[in-house]
Amino acid sequence: MHLEIDYYCLHFRFFGTGPATHYFYRYLAAAVKPSDKNSNVIKLTIERLFFAPSFLLLFFYSIPLLEGKGLTAAHDNFKVGYLPSLKANWKFWSFLQYINLKYVPQQYQTLFTNVIALFWNIYLSTKQS
């Protein structure tokens with residue numbers, strides 16, 4: 001079995017995902033106060049309906065552009081992979097994000113998602129080609 005490393009994807013994850021999730025969780029903590037009756041559900045809804053779809057869109061366009069394949073290839077990549085990946089994202093991440101937002105202290109939320117993202121990234125790499 002030969003494992004090929006996608007360095008563009010690796011750079012995107014390292015320089016894009018980490019900082020984006022860090023600041024997004026900070027934003028959520030500031031925007032939705034814990035005193036709100038349904039604060040965890042509100043945070044989860046914001047994350048699932050806004051952050052996840054937009055970040056996945058960025059992923060499907062960025063990687064082909066970083067690889068120098070051009071905008072047409074990026075758009076084709078998006079058309080083929082976005083919707084199935086978004087559905088898989090909602091299935092895979094929704095419960096995990098609920099656990100993250102409800103039980104994990106804010107300063108560890110990015111770490112929690114990054115550890116789990118290892119498995120998600122394996123899935124995404126199969127959809128990226």
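We use all heavy atoms of the structure for the numbers below, so side chains are in, but hydrogens, waters and symmetry mates are not. Just so you know, residue 1 is the first one in the sequence shown, and it goes up from there.
Closest of all the heavy-atom pairs between F60 and N77 is O-ND2, 2.9 Å. Of all heavy-atom pairs between P64 and A73, the closest is CB-C, 4.3 Å. The two residues P53 and E47 come nearest to each other via the heavy atoms CD-O, 4.3 Å.
Taking hydrophobic clusters as Ile, Leu, Val, Met, Phe, Trp and Tyr residues chained together by side-chain heavy-atom distances below 4.5 Å, V32 shares a cluster with F50. In this structure, W90 is a member of the same hydrophobic cluster as W93, with clusters built from ILVMFWY side-chain heavy atoms closer than 4.5 Å. No single ILVMFWY cluster, assembled from side-chain heavy atoms under 4.5 Å apart, contains both V41 and F51. A single hydrophobic cluster is seen to contain both L96 and Y108, as judged by linkage of ILVMFWY side chains at heavy-atom distances under 4.5 Å, directly or through other members. By the criterion of side-chain heavy atoms lying less than 4.5 angstrom apart, applied directly or through intervening Ile, Leu, Val, Met, Phe, Trp or Tyr residues, Y23 is not grouped with L44; the two fall into different hydrophobic clusters.
In this structure, the side chain of T113 engages the main chain of T110 through a donor-acceptor pair within 3.5 Å. Between the side chain of Q109 and the backbone N or O of V104, at least one donor-acceptor pair lies under 3.5 Å.
Once rounded to the nearest 0.5 Å, the distance linking CD of Q107 with CG of L111 reads 10.5 Å. A distance of 11.5 Å separates OG in S85 from CG in L57, rounded to the nearest 0.5 Å. Separation of atoms CD1 (I42) and NZ (K37) is listed at 11.0 Å; rounding is to 0.5 Å. Put simply, NE2 on H75 and CG on L65 are 12.5 Å apart, with the number rounded to the nearest 0.5 Å.
Residues Y25 and K43 are not in side-chain contact: their nearest non-hydrogen atoms beyond the backbone lie 4.5 Å or more apart. Side chains of N89 and R48 form a contact here, defined as non-hydrogen atoms less than 4.5 Å apart.
Ring to ring, Y82 and F78 are close: their centroids are under 6.0 angstrom apart.
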Would you sort out whether F55 and T21 count as a side chain to side chain contact (heavy atoms under 4.5 Å, CB included), showing the intermediate values? CA-CA 10 Å; F55 203 76; T21 55; 5.9 Å; no
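The aromatic rings of F24 and Y27 sit tilted relative to each other, their planes meeting at an angle between 30° and 60°.
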